[in-house]
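As C-alpha cells, the structure follows; a few thoughts come after it.
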There are 2 protein chains.
Amino acid sequence: MLREDITEAIRLAVLEELAAHGYGRMSIEAVARRAGVGKTAVYRRWPSKLRLVIDVVSAVAVQDVAIPDTGTLRGDVRDLLGKIARALRDPLATQIVPDLLAEAARNPDIARTLEAALRDTQQSVVTEVLGNAAARGELPAGADADLALDLITGPLYWRLAVARTTLPADYLDDLAAATTAALTAPRTTRDG
Amino acid sequence: MLREDITEAIRLAVLEELAAHGYGRMSIEAVARRAGVGKTAVYRRWPSKLRLVIDVVSAVAVQDVAIPDTGTLRGDVRDLLGKIARALRDPLATQIVPDLLAEAARNPDIARTLEAALRDTQQSVVTEVLGNAAARGELPAGADADLALDLITGPLYWRLAVARTTLPADYLDDLAAATTAALTAPRTTRDG
DNA sequence: CCACGTCGGAACGCAACCGTTTCGTCGTGG
DNA sequence: CCACGACGAAACGGTTGCGTTCCGACGTGG
C-alpha cells in the first residue's frame with residue numbers, strides 16, 4: 001500500500017519545482033529531494049517525468065467553474081473576469097501555466113492535458129453565459145463562442161501572465177465594460 | 001577578426017534550438033553542433049547561454065512597426081491585428097516567444113529584454129493610433145493606452161500562441177469590429 | 001507475530017553538458 | 001610573405017541527471 005502522505009508530498013514538490021525551474025529543467029532527483037523522499041518512492045508511482053507532470057497537473061486543474069448568473073451580460077462578464085484574475089494571480093499558476101503552455105507546443109500529451117483542463121471548461125461556461133444573454137435579448141442568437149472566449153480570456157491573460165503588470169483599481173470594471181461592448185458589437189459583412 | 005558568417009550561423013542555430021527544445025533545455029554544445037561550428041567559436045563571442053540568447057533575441061526583435069493611418073479607428077485596429085497575426089504565425093516566433101516569456105518569469109534579464117522588445121514598441125504604436133482617433137473625435141481624449149493594448153493584443157495572442165487554433169475566415173475582421181467597440185466603450189463610474 | 005511491501009539512502013554504469021585548454025590548420029591583413 | 005588570430009576537433013575533470021539495483025529499517029495487515 002503506497003503511503004498517501006508521501007504521494008501528496010511528491011505532488012506538491014512537482015508543482016514547486018515546475019514553478020522554480022520549468023518543465024525543461026525539472027528533474028526527478030530534485031523533486032524527490034524537495035519532497036524529502038527517496039527517488040524510489042517517485043519511480044514506484046510514475047514511470048516518467050512526463051506522466052508525473054501530467055498526473056499532477058490534471059489533479060490540480062479539475063476544479064470546475066461555477067456559471068455566473070447575475071442577470072446582465074456585463075455582470076456575468078465581470079464575474080468571470082474576477083475569477084480568471086484570481087486564478088492567474090496565484091503565484092504557482094502564474095509561473096507554471098505559461099511554462100507548460102510553451103512546452104505543449106512540443107509535446108502533444110501535455111497539449112492535450114492542458115486543452116482539456118483550460119479550454120474545455122471555459123468554453124462551456126462562455127457558451128452558457130452567451131446563451132443566457134441571448135435569452136434576455138442582450139445578444140443576437142448564434143454568437144461566436146470561440147471569439148467570445150478569446151475576447152474574455154485574452155486581455156487578462158496577456159496582462160497577468162505575459163506582461164505581468166499589476167492591475168490598477170477599477171481595471172476589471174473597465175475591462176468588463178469594454179469586453180461587454182466587444183461581445184455585443186455587430187459582426188462584419190458576411191452575415192449581417 | 002571574428003567571421004561574420006559564423007556569427008550568423010550561430011544566431012540561426014540558437015533560434016532553431018530554442019524552438020526545438022526551449023531555453024531550459026538548450027545547450028551550447030547543441031547550438032555549436034547545429035551551426036556546424038566548434039564550441040570555441042561560440043565561447044569566443046558570448047560568455048554564457050543567457051548573454052547569447054539575449055543578444056540573439058534582441059537582434060531579431062528590433063523590427064519596428066509602421067504606424068497605420070487608414071483614417072478610421074477600426075481600419076487602424078484591423079491593420080494592427082493583421083500585423084500581429086502575421087508575426088505570431090511565424091512558426092519560429094510561435095515556439096520561441098511563449099517559451100521565453102515563461103523563462104522571463106524567473107529571469108530578470110530576459111524579462112527586461114522582452115519588455116523592451118515586445119511591449120515598448122507596441123505601446124507607442126497604440127498610443128499613436130488612439131491619439132489619431134481622438135483627434136478625429138472617434139474617442140474621448142485621455143483613453144487608457146494600457147487597457148487598449150491589452151484589448152488589442154490579448155485575444156490574438158491567446159488564440160495564436162496559447163490555444164494555437166487556426167483562424168477562421170473573417171476572424172480578423174470580426175475581431176477588429178469587436179475590439180473597436182471595446183475601445184470606444186465608455187469607462188466605468190469613476191470618471192464618467 | 002511474522003512476512004510482505006514500502007520506506008530512505010546509497011551506489012551503480014551511462015549519458016549529456018559544463019567551461020577550459022591544447023592542438024594543427026587555414027586564411028587574411030599588414 | 002609572414003605572423004597573428006580565428007577556425008574545428010578533441011580531450012580535460014567536474015557536475016548533474018538518468019533509471020536501476022541493493023540494502024537495512026520500519027510498520028502494518030493478515
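Values in this document were obtained by computation on a predicted structure and should not be read as measured data. So you know, we letter chains A, B, ... as the sequences are listed, proteins then strands, and number each from 1.
The shortest side-chain heavy-atom distance between Thr72(A) and Thr180(A) does not fall under the 4.5 Å cut-off. A 4.5 Å side-chain heavy-atom check between Leu172(A) and Arg78(A) finds at least one atom pair inside the cut-off.
Remark: Arg86(A) does not engage Asp90(A) in a salt bridge, criterion side-chain N to carboxylate O under 4.0 Å. The existence of a salt bridge linking Asp55(A) and Arg51(A) is excluded, since no basic side-chain nitrogen approaches an acidic carboxylate oxygen closer than 4.0 Å. Salt-bridge annotation for Arg11(A) and Glu8(A): present, with a side-chain N of the basic residue lying under 4.0 Å from a carboxylate O of the acidic one.
Rounded to a whole Å, the CD1 atom of Ile6(A) is 12 Å from the P atom of dT28(D). The distance from atom CZ of Arg3(A) to atom C1' of dG8(C) is 10 Å, rounded to the nearest whole Å. Computed from coordinates, the Leu2(B) CG to dG8(D) P distance equals 11 Å when rounded to whole Å. In this structure, CG of Leu50(A) is placed 13 Å from P of dC18(D), rounded to the nearest angstrom. Atom pair Asp5(A):CG and dT28(D):P shows a separation of 11 Å (rounding to whole Å applied). Atom CD in Glu17(A) sits about 13 Å away from atom C1' in dT16(D), given to the nearest Å.
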Quick one: which protein N/O atoms are closer than 3.5 Å to N/O atoms of nucleotides 14-21 of chain C? Pair and distance per line, please.
unit_1	atom_1	unit_2	atom_2	d
dC17(C)	OP2	Arg33(B)	NH2	3.0
dC18(C)	OP1	Ile28(B)	N	3.0
dC18(C)	OP2	Ile28(B)	N	3.3
dC18(C)	OP2	Glu29(B)	N	3.0
dG19(C)	OP2	Tyr43(B)	OH	2.5
dG19(C)	N7	Lys39(B)	NZ	2.9
dG19(C)	O6	Lys39(B)	NZ	2.8

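The phosphate of dC7(D) has OP1 or OP2 within less than 4.0 Å of a side-chain N or O from Arg44(B). The side chain of Arg45(B) contributes an N or O atom lying less than 4.0 Å from OP1 or OP2 of dC7(D).
Between Tyr157(B) and Tyr157(A), the angle of the ring planes stays under 30°, which puts this pair in the parallel group of the 30/60° scheme.
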